[in-house]
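Here's the structure, in C-alpha cells; my notes come after.
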Amino acid sequence: MASQDWFEKDFYAVLGVSVDASQDDVKKAYRKLARKHHPDANAGDTASEKKFKEVGEAYAVLSDPEQRKQYDAVRQMARGGARFTSGGPGGGGAGFDDVFSNLFGGGGGGGNVRFTTTGAPGGSGASFEDIMSMFGGAAGPGAGAGTGFRAPRGARRGEDLTADVTLTFKQAVEGAQLSLRVDDPMTGVRTVNARIPAGVRGGQKVRLRGKGRPGDHGGGDGDLVVTVHVEPHSVFTLDGDDLRVTVPVTFPEATLGAQVEVPTLEGQTVRVKVPAGTPSGRTLRVKGHGVKTSKTTGDLLVTVQVVVPQRIDSSAREALEKFAAATAGEDPRADLVARARRDVPGGGHAR
C-alpha cells in the first residue's frame, strides 16, 4: 500500500468504528462486514467485491497494533498539514520536522531538519522515502521518485480452513456437488459450494483451492481442507477404482455353470457368466461398472459364494446321496494334506 493511501483512506470509517475503538470492536465490525460482502454470498456483485477488499485492507492495518500506531501517526500528519520544508529560526507554524519531533520524542530546538521530496543527488536533507523508512517501510518503485512507501506488511496468503462432510456411498463413488457450511472464526458461518471428486475414500482429505480465508493486501485466498466420511453400503464396497460385490450361487450353478443377474450401483443389473466348476470365493470381473473418473473407469468385481441349503426335502436328499456315491472316490483335501506334510519341520510326518 502506498503512503498516499494511508493519507487519503479512513480505515476507521470503512469499518464503521471510532478512532478509539478497542481491538475487539474492530474485529467484530470486520466480521460483520466480511460476512455481508463476502463474494460467496454476493456472486457477480462488483460493488460488494470492492467493499470486501476495502474491509479486509482496513482490518489488516487496524488489527495489527504496530501498523495501527503507524497509521494513526500518518493520519495525524495529514490532519496537521505537515510541510516538507524547514521552519527555520523565526519561521511561523509547525513544520514536518516538528511533527516528527513530537512523534519520536526528539527536541525541536536548534538546527531544524529539512525534508526534500526529490531525493536528487546533491539535495540537502532527508528525502520523503527516508522519512517513511522511519516507520519500517520501504521506498516505493523508482529511486528518487518520492511517491511513497509500501506497507510494513506485504501480501499475505489467507489461512486454510477445515470442514467435515459425510457422503452416501453412491456420492463417494460418483462424486457430488455440495453446499458446505464452514465455520470461520473471523467471518462466521458461511456456505461454500464444492465439488467432491468421484472415488473419494472415507478418511480422505480433499483440498479445495481458494475456498479458505481471504488473503491480505492482494495475497491469495487460503484453501478449505475437507475430511470426507463415507456411509457404508449394504451390498457394495470400494476397492481402489473398482467396486466389489458378493453374489450367492447354488451348488448346481457353480458345478454346471450358469448365467446370473448381478446388481450394479446404478440400480440396474448385468448378466454374468459363472463358468462350470467355479469354486466358492472365485472373483469374476465385469468391465466398466466401477468408479468413473476423468482418467479411468474401474470394474465390478463379483465374488462367487456357493450357498449351502439349510433344509432339503426327501427327493433332494436322495439326489445328493446318489451324487455322493457317484463321487466317492474324489478327495478334495488330498492335496491339502500332502502340502502340509511337506512343510513339517525336519521332514517328519504329521499324524
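Atom set for the values below is all heavy atoms of this structure, side chains included, hydrogens, waters and symmetry mates excluded.
- By the 4.5 Å heavy-atom criterion applied to side chains, V286 and V262 are not counted as neighbours.
- The salt bridge (charged side-chain N to carboxylate O under 4.0 Å, His left out) check on R195 picks up nothing, with sequence neighbours excluded.
- No side-chain donor-acceptor contact under 3.5 Å links S48 to the backbone of H37.
- Of the residues listed (V26, D20, D24), the one engaging S22 in a side-chain contact (heavy atoms from CB on, under 4.5 Å) is D24, and it is the only one.
- Distance alone, capped at 3.5 Å, places no donor-acceptor pair between the D242 side chain and the G298 backbone.
- Contact check for V173 versus L243: side-chain heavy atoms found under the 4.5 Å cut-off.
- The line from CG of L208 to CG of L180 is 7.0 Å long, rounded to the nearest 0.5 Å.
- A donor-acceptor pair is defined here as one N or O able to donate and one able to accept, closer than 3.5 Å; no such pair exists between the side chain of E330 and the backbone of T327.
- Salt bridge status for D313 with R317: absent, with no side-chain N to carboxylate O gap under 4.0 Å.
- Residues F11 and Y30 keep their aromatic ring centres 6.0 Å or farther apart.
- More than 12 heavy-atom neighbours from other residues, nucleotides or ligands sit within 6.0 angstrom of CZ on R201.
- Considering only heavy atoms from C-beta on, K27 comes within 4.5 Å of R31 through its side chain.
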>> Working note: V228 + T166, criterion side-chain contact (heavy atoms from CB on, under 4.5 Å); need CA distance, chi angles, decisive distance, verdict.
In response: CA-CA 6 Å; V228 177; T166 299; over 6 Å; no
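- The list of ring pair (Phe, Tyr, Trp, His ring centres under 6.0 Å) pairs with a residue in residues 170-201, not counting sequence neighbours, is empty.
- A continuous path of ILVMFWY side-chain contacts below 4.5 Å connects L15 to V74, so both sit in one hydrophobic cluster.
- In this structure, CD in Q171 is found 8.0 Å from CD in E231, a value given to the nearest 0.5 Å.
- With a 4.5 Å cut-off on side-chain heavy atoms, R244 and T303 count as touching.
- No chain of hydrophobic side-chain contacts below 4.5 Å, direct or via other Ile, Leu, Val, Met, Phe, Trp or Tyr residues, connects V307 to V245.
- For the atom pair H229 NE2 and Q204 CD, the distance stands at 12.0 Å (nearest 0.5 Å).
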> Can you list the steps and then say if R157 with D223 is a side-chain contact (heavy atoms from CB on, under 4.5 Å)?
Replying inline: CA-CA 10 Å; R157 182 180 178 275; D223 300 332; 3.0 Å; yes
>> Does H233 form a ring-ring contact (aromatic ring centres under 6.0 Å, His included) with F169? I'd like the steps, not just the answer.
In response: CA-CA 6 Å; H233 197 283; F169 186 84; 5.4 Å; yes
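- Formation of a donor-acceptor pair under 3.5 Å by the D299 side chain with backbone atoms of L301 is not found in this model.
- The hydrophobic cluster containing V225 does not contain L161, counting ILVMFWY residues as joined when their side-chain heavy atoms lie under 4.5 angstrom apart, directly or transitively.
- With T278 contributing its side chain and V274 its backbone, the two residues share no donor-acceptor pair below 3.5 Å.
- Between E174 and K292 no salt bridge is recorded (no basic side-chain N to carboxylate O distance below 4.0 Å).
- How far CG of D64 is from CD of Q23: 8.5 Å, rounded to the nearest 0.5 Å.
- Using a 4.0 Å cut-off between charged nitrogen and carboxylate oxygen, K53 and E57 do not count as a salt-bridge pair.
- Closest non-hydrogen pair, G203 versus T227, comes out as O-CG2, 4.4 Å.
- Contact annotation: the side chain of L320 never approaches that of K322 to less than 4.5 Å [non-hydrogen atoms, C-beta and beyond].
- The OH atom of Y71 sits 4.5 Å away from atom CG of D10, with the distance rounded to the nearest 0.5 Å.
- Closest approach of V306 and P279 over heavy atoms only: CG2-C, 4.5 Å.
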>> Set out, in order, the CA-CA distance, both residues' side-chain angles and the distance that settles side chain to side chain donor-acceptor pair (under 3.5 Å) for N193 and S179, then state yes or no.
In response: CA-CA 5 Å; N193 295 322; S179 293; 3.0 Å; yes
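- Using a 4.5 Å heavy-atom cutoff, the side chains of V55 and K51 are in contact.
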> Could you go step by step and tell me if L62 and Y12 meet the side-chain contact (heavy atoms from CB on, under 4.5 Å) rule?
Replying inline: CA-CA 8 Å; L62 299 186; Y12 292 102; 3.9 Å; yes
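- Heavy atoms only, all atoms of each residue included: R190 and R213 are closest at NH2-N, 4.2 Å.
- L238 places a side-chain heavy atom less than 4.5 Å from the side chain of V291.
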> Which is it for I196 and L167 under the side-chain contact (heavy atoms from CB on, under 4.5 Å) test, yes or no, and what are the steps along the way?
Replying inline: CA-CA 10 Å; I196 303 299; L167 304 178; 3.9 Å; yes
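- With D160 as reference, R207 is the one residue of K211, R209, K205, R207 to meet the salt bridge (Lys or Arg N to Asp or Glu O under 4.0 Å) rule.
- Put simply, the side chain of V272 does not reach to within 4.5 Å of the side chain of V247, judged on heavy atoms.
- Interatomic distance, CD of Q305 versus OG1 of T246, reported as 6.5 Å (0.5 Å rounding).
- Following chains of ILVMFWY side-chain contacts shorter than 4.5 Å, one can reach V260 starting from L284, so the two form part of one hydrophobic cluster.
- The hydrophobic cluster containing V235 also contains L300, counting ILVMFWY residues as joined when their side-chain heavy atoms lie under 4.5 angstrom apart, directly or transitively.
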